[in-house]
Engineer: 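Please read through the structure below; I'll follow up with questions.
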2 protein chains.
Amino acid sequence: MDKQLLKEINQMHAQVCSGLADPKRIAILYALADNPQTVTQLAATLEMPQPTLSRHLKILRDHGMVAAERDGANVYYALGDKRIIRALDLLREVMADHLNKRSALVDAMA
Amino acid sequence: MDKQLLKEINQMHAQVCSGLADPKRIAILYALADNPQTVTQLAATLEMPQPTLSRHLKILRDHGMVAAERDGANVYYALGDKRIIRALDLLREVMADHLNKRSALVDAMA
DNA sequence: TACACCTATTCGCATCTCCGAATATGCGTA
DNA sequence: TACGCATATTCGGAGATGCGAATAGGTGTA
């Protein structure tokens, strides 16, 4: 593959990943995986200020991770793609294994 | 689940994702998925300065994404967990679909 | 020990991201 | 139009991150 094109793809890929690189956005994605909600509902569920949510939702929207649908004055947000949750779950597994290895090491040293 | 604990898990999860949020680190992970390599080999393959690689490799190591094994003066790096590539591939699919949707929209507007 | 090679770390700087607070925009109803 | 509610955006500052350049540390060999 063309080297320059590959770099651009990796650049886009990194931007997608940085879309996930925030604890609040992860919480938002898992909350929306459970069921679609409006901004206000999310604000109540996740105990975040509404502007904070709108800002994070815009980032997620720009990456196609959530879908927004207006219904009157409300906007319902939903998970844009279930594969995102699958990817997050995979990373969670890796994380858990890594933590187990670390704590096993700490135990062995004690 | 305890609300505070959930926040801490999401915090860790976000750190794992931010480990992926760099085009060079993505290139490193895919390169190592093909076959284990030393730092110098990676520097040649990916055309990066050696200190840059060492810095990124440390970040990946700290998250358990790559494994390092010393052999004499060389250090061989390998992908720490295949699930990372699976997660990255999933995100790449989502990214590709999102781009297709966007370009279809642009076409429709033209 | 001295030297060469491989790998890791530090430093200074530019850039980015997040947040709270305030403000702006959009929508429905009277 | 005026008002209230839902959502989105902007602004300034604090903290994090990436880079190049220089340097330090680790390992094998003579």
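The chains referred to below are lettered A, B, ... by the order of the sequence lines, with proteins before strands, and numbering in each begins at 1.
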Engineer: Ignoring hydrogens and geometry beyond distance, is a side-chain donor-acceptor pair present between B:N10 and A:R92 at under 3.5 Å?
Structural biologist: yes
Engineer: Is any side-chain heavy atom of B:Y30 closer than 4.5 Å to a side-chain heavy atom of B:R25?
Structural biologist: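 B:Y30 does not reach B:R25 side chain to side chain.
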Engineer: For side-chain contact (heavy atoms from CB on, under 4.5 Å), just list the numbers for B:Q37 and B:N35, CA-CA rounded to whole Å, side-chain angles, deciding distance to a tenth of an Å, and then say yes or no.
Structural biologist: CA-CA 6 Å; B:Q37 300 178 54; B:N35 60 311; 3.8 Å; yes
Engineer: Might you work through the salt bridge (charged side-chain N to carboxylate O under 4.0 Å, His left out) test for B:R83 and B:D81, ending with a clear yes or no?
Structural biologist: CA-CA 5 Å; B:R83 287 173 294 192; B:D81 194 310; 2.7 Å; yes
Engineer: What integer distance in Å separates A:D71:CG from C:dG28:C1'?
Structural biologist: 12 Å
Engineer: How long is the line joining OH of B:Y76 and P of C:dA8, in whole Å?
Structural biologist: 14 Å
Engineer: Relative to the 5' end of DNA chain C, which residue comes earlier, A:S18 or A:G72, by the nucleotide with the nearest heavy atom?
Structural biologist: A:S18
Engineer: Going by atom types alone, do B:R70 and B:Y76 pair a side-chain donor with an acceptor below 3.5 Å?
Structural biologist: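 Side-chain D/A pair, B:R70 to B:Y76: absent.
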Engineer: Under a 3.5 Å cutoff, is there a donor and acceptor pairing between the side chains of B:Q41 and B:T45?
Structural biologist: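 B:Q41 vs B:T45: no donor-acceptor pair found between side chains.
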Engineer: For the pair made of CG in A:D22 and P in C:dT17, what is the distance, rounded to whole Å?
Structural biologist: 11 Å
Engineer: What is the distance, rounded to the nearest whole Å, between atom CG of A:N74 and atom P of C:dC27?
Structural biologist: 12 Å
Engineer: What is the first contacted nucleotide of DNA chain D and what is the last, in 5' to 3' order, if contact means an atom lying under 4.0 angstrom from a heavy atom of chain A?
Structural biologist: D:dA6 to D:dT10
Engineer: Can you measure A:L57 atom CG to C:dT25 atom C1' for me and round it to whole angstrom units?
Structural biologist: 17 Å
Engineer: Could you identify which residues of residues 32-56 of chain A place a heavy atom less than 4.0 Å from some atom of DNA chain D, listed by residue number, or say none?
Structural biologist: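 Residues of residues 32-56 of chain A under 4.0 Å from DNA chain D: A:T38, A:V39, A:T40, A:Q50, A:P51, A:S54, A:R55.
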Engineer: Salt bridge check, B:K58 against B:D62: does any charged N sit closer than 4.0 Å to a carboxylate O?
Structural biologist: yes
Engineer: In this structure, how many angstroms lie between the P atom of C:dC19 and the CZ atom of A:R25, rounded?
Structural biologist: 8 Å
Engineer: Taking the side chain as everything from C-beta on, heavy atoms only, tell me whether B:V66 gets closer than 4.5 Å to B:I84.
Structural biologist: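 Result no, sub-4.5 Å side-chain heavy-atom pair not found.
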